[in-house]
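Working notes for the structure below.
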There are 2 protein chains.
Amino acid sequence: MSPERTSAAVRARDKLREAILRGEYLPGERLVEAQLCERLGVSRFNARTALQDLVAEGLVEIQRNKGAHVRKVSIDEAIEITEVRMVLEGLVAARAAERVTAEQAAELEEIGQLMRRAVEAEEFRRYSDLNQRLHSLVRRIAGHTTADRLIATLRGQLVRHQYMLSLLPGRPAVSLPQHERIIAAIRAADPKEAEAAMRDHINSVAAAMRGMDVLGGLP
Amino acid sequence: MSPERTSAAVRARDKLREAILRGEYLPGERLVEAQLCERLGVSRFNARTALQDLVAEGLVEIQRNKGAHVRKVSIDEAIEITEVRMVLEGLVAARAAERVTAEQAAELEEIGQLMRRAVEAEEFRRYSDLNQRLHSLVRRIAGHTTADRLIATLRGQLVRHQYMLSLLPGRPAVSLPQHERIIAAIRAADPKEAEAAMRDHINSVAAAMRGMDVLGGLP
DNA sequence: GTCGACGCGATTGTTAGCAATCATGTCGAC
DNA sequence: GTCGACATGATTGCTAACAATCGCGTCGAC
């Protein structure tokens, strides 16, 4: 009946990660240990280990004797990361197509339906949620632990850029048919087509990023 | 003229990584902090940070209150890791084909020649070195920082399994034509073919691993 | 003889404080 | 006025001791 089932270090890490992902700390902003202690309500020791953990996740950078700051991901890096995500999610999609069960196929179909309705109703926030649900379901079907871990950390590094991207007008109209193609391929148990569909999909995201780059990028 | 240009923590991390990769610590073996202090000649603080760094690289696992041990990579995991390497190196090969310069093409050609001679002379150790040189050159040509980092850490987790694999009889005879196909595709500036060739190559490595699995795996 | 409670040594988690380093602002020489 | 040496406060790197936890052996009840 211990009041704490998780260690202070873990809670501090999760809290800090959330704060960075929410944008409460901006890219490049310094993370002074003493301030984090107050903010997170932990000792300096735990704050430090939290920082080191987030270095491993690619969210924070530490320079010796100069402290930690939120990692700044340039657009070029964001494109590289997206390229890597493309091949990883392609691998996962192919494997999902090899392993999908009947009830998982039904779940995919349902998400597809909901997505189409969300786009028709112009409920973009809802569509964005369904997007995450779809990718997450595909990963669950594939059950590829190694790829999952990497995709998760890469996603973390991209939150900022992806958020901007989702605001691009006309994006759902472009991505809906891509999502439907992915769903169809996995349901048809066609690994090659599933991989191709997923890669095309994420590749179009990378292309959109390159477009933003040309338009001026972010502050 | 400072005697130390690198911190003790960094040196400790590199030393420990080397020791693990050389097999001086076996998978599953406990890494007691006090012992590491002696072995690495650093304080407990630095030994701890070295351990945490290697956790991030996937070489070490830490259980709360139970200490650190060398991570044990099962054959199933090794296959997963190799699958991920397959798509990552495929991506890198494709990009190398897009960016290769004339002199890099010549360097590729030279490695190809040396490989063929090494196989003919049955100098397998030399062939293995050339193998690493080839993959490393392809990465350098591609210049994909993000993929490089991931590939490096994945390779680290596999050293043990790959070593066993390289001892498999007849392996060079199988992989030589695959390597030559990769080289030809990159020299021909054909990204799709380069990716396909690289994936076939690494996929055959994964297949060999699965074969070992059936045969009983490792101790 | 077997099982579980208990205690002890070993090991890790944590703390507080000191030392080293860096960024900044001030002063003086030119 | 500008540049550089220098002092100073802020911040991180590190040490050593202390507290918490665990693995394991011992002992006793049944």
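Scope of the values below: all heavy atoms of this structure, side chains included, with no hydrogens, waters or symmetry mates.
We find that A/Arg85 and A/Glu80 are not joined by a salt bridge, their nearest charged nitrogen and carboxylate oxygen being 4.0 Å or further apart. Taking the charged nitrogens against the carboxylate oxygens, B/Glu61 and B/Arg30 have no contact shorter than 4.0 Å, which rules out a salt bridge. With respect to A/Arg133 and A/Asp129, no salt bridge is recorded, no charged nitrogen being found less than 4.0 Å from a carboxylate O. A salt bridge links B/Glu83 with B/Arg210: at least one charged nitrogen is closer than 4.0 Å to a carboxylate oxygen. Under the 4.0 Å criterion applied to side-chain N and carboxylate O atoms, B/Glu29 and B/Lys72 are not assigned as salt-bridge partners.
At whole-Å resolution of the value, CZ in A/Arg11 and P in C/dT14 are 10 Å apart. If you measure from atom CZ of A/Arg64 to atom P of C/dC22, you get 9 Å, rounded to the nearest angstrom. One atom, CD1 of B/Ile62, and another, C1' of D/dC22, lie 16 Å apart when rounded to the nearest Å.
Summary for the helix from C/dG1-D/dC30 to C/dC30-D/dG1: the axes at its two ends, each from 5 pairs, differ by 10° when rounded to the nearest 10 degrees.
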Reading nucleotides 5-11 of chain C from 5' to 3' and marking B where a protein heavy atom lies under 4.0 Å of the base, S where only the sugar-phosphate is that close, and - otherwise, the string is ------S
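By the 6.0 Å contact criterion, CD on B/Glu18 is enclosed, its count of non-hydrogen atoms from other residues, nucleotides or ligands being greater than 12.
Using bins of under 30°, 30° to 60° and over 60° for the plane-to-plane angle, the ring pair B/His201/B/His135 lands in the tilted bin.
A/Gln178 and A/Ser204 share a donor-acceptor pair across their side chains, judged by distance under 3.5 Å alone.
Using a 4.0 Å cut-off on heavy atoms, the residues of residues 39-61 of chain A that approach DNA chain D are A/Arg44, A/Arg48, listed by number.
Of the options B/Val42, B/Ile20, B/Leu40, a side chain to side chain contact (heavy atoms under 4.5 Å, CB included) to B/Lys15 is made by B/Leu40 and by none of the others.
Here A/Phe124 contributes atom CZ and A/Leu130 contributes atom CG; the two are 13.0 Å apart, rounded to the nearest 0.5 Å.
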